[in-house]
2 protein chains.
Amino acid sequence: MFSIGELSRRTKVKVPTIRYYEEMGLLAEAERTSGNQRRYDKAGLERLSFIRHARDLGFSIEAILSLIELQDHPDRSCETATDIAVSQLSDVREKIKRLKLLEKELTRISKGCDGLGVSEDCYVLASLADHEHCENEH
Amino acid sequence: MFSIGELSRRTKVKVPTIRYYEEMGLLAEAERTSGNQRRYDKAGLERLSFIRHARDLGFSIEAILSLIELQDHPDRSCETATDIAVSQLSDVREKIKRLKLLEKELTRISKGCDGLGVSEDCYVLASLADHEHCENEH
DNA sequence: TCTTGAACCTCTAGTCACTAGAGATTGTAG
DNA sequence: CTACAATCTCTAGTGACTAGAGGTTCAAGA
Ligand SMILES: [Zn+2]
Ligand SMILES: [Zn+2]
Ligand SMILES: [Zn+2]
Ligand SMILES: [Zn+2]
């Protein structure tokens with residue numbers, strides 16, 4: 001049994017974040033000492049590691065809630081898990097696509113001005129003022 | 001002179017968002033009718049288009065505030081504008097880098113399970129439980 | 001056993017860029 | 001003149017935390 005601080009150190013999840021996850025129902029309510037402090041065991045550590053890893057991969061709290069629900073029922077079909085992973089993947093791909101378009105425009109915009117001129121003639125400002133300068137929709 | 005609804009239609013920025021931008025100081029306080037409704041002119045339209053375009057490119061409100069400040073002083077050096085654009089570009093590149101790592105892992109994870117099995121044996125859940133399955137840091 | 005101070009507790013509020021809704025007032029077409 | 005869509009202000013909610021106030025508990029050293 002160890003404290004919330006120790007759990008934090010082991011998982012690299014900040015203490016207030018751990019309490020937040022408990023509030024959100026991601027972590028079961030921890031056992032408490034007689035003085036009302038949280039105590040965790042190996043199961044708590046593993047669950048939080050799972051959450052941490054899923055968050056690092058960009059899954060939402062809501063998605064993680066479903067995944068944990070599933071994890072707690074080993075006999076259920078894992079279809080939902082795959083669905084969630086696939087949908088997360090397509091979200092990520094969408095974001096990459098969008099960011100690549102932005103990268104293109106921002107590269108052009110940045111290159112267009114050396115920062116030595118005056119606001120009035122600035123290519124950055126002109127480009128922002130008029131989307132016609134852009135090569136793509138974004 | 002046109003109403004906030006008309007401005008909204010022309011810029012594709014929602015009415016409450018326009019009011020929000022005014023509140024944040026991005027838009028000058030609009031003129032008002034005797035009945036207190038906002039009225040805009042060409043200048044207002046252009047400014048909002050600028051804001052919209054910058055937001056589409058991912059600039060923060062704070063960054064846009066600096067850019068607008070600069071735009072209002074045509075004689076100033078445009079160094080800040082380039083700095084902001086360059087920093088935005090590097091933000092975008094960072095994000096792309098990170099998302100590509102996620103894409104890799106998520107592809108592997110998604111492929112590892114067809115959703116036909118049972119939670120206990122699910123590769124998706126196992127991968128989330130243990131970062132050791134991963135090929136990269138993320 | 002006592003003391004000190006780091007770690008813990010709860011609660012509220014702030015972040016960013018909006019979005020939603022309530023309840024009241026205004027503008028405008030028929 | 002009447003309807004009613006559009007506008008107004010104000011408050012609160014979103015997601016995933018983060019910060020801070022003010023109070024309590026734990027554990028190590030004297
Ligand atoms: Zn410039
Ligand atoms: Zn553009
Ligand atoms: Zn599976
Ligand atoms: Zn991993």
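Residue numbers begin at 1 in each chain, while the letters A, B, ... track the order of the sequences.
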Got a salt bridge between B:R76 and B:E69, using NZ or NE/NH1/NH2 to carboxylate O under 4.0 Å?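 A salt bridge links B:R76 with B:E69.
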
Regarding A:E94 and A:K97, does a basic nitrogen lie under 4.0 Å from an acidic carboxylate oxygen?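 Looking at A:K97 together with A:E94, the answer is yes, because their closest N to O distance falls below 4.0 Å.
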
To the nearest angstrom, how far is [X] atom [atom1] from [N] atom [atom2]?
X     : N      : atom1 : atom2 : result
A:F59 : D:dA16 : CZ    : P     : 13 Å
A:I4  : C:dC9  : CD1   : P     : 5 Å
B:R9  : D:dA6  : CZ    : P     : 7 Å

Of the candidates C:dC9, C:dC18, D:dT9, the side chain of A:R32 sits closest to C:dC9

If you check every side-chain atom of A:T17, which of D:dC17, C:dT10, C:dT26 has the closest atom? D:dC17

Closest to the 5' end of DNA chain D, once A:T33 and A:Y21 are matched to their nearest nucleotides, is A:Y21

Has A:R38 got a side-chain N or O lying under 4.0 Å from the OP1 or OP2 atom of C:dC8?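 Indeed not, no polar side-chain atom of A:R38 lies that close.
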
Answer yes or no: does a side-chain N or O of B:S3 lie under 4.0 Å from OP1 or OP2 of C:dG27? no

Pairing donors with acceptors under 3.5 angstrom, does anything connect the side chains of A:R108 and A:Y123?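 Looking only at side-chain atoms, A:Y123 and A:R108 do form a donor-acceptor pair, the distance falling under 3.5 Å.
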
Between the side chain of B:N136 and the main-chain N/O of B:H138, is any donor-acceptor distance below 3.5 Å? no

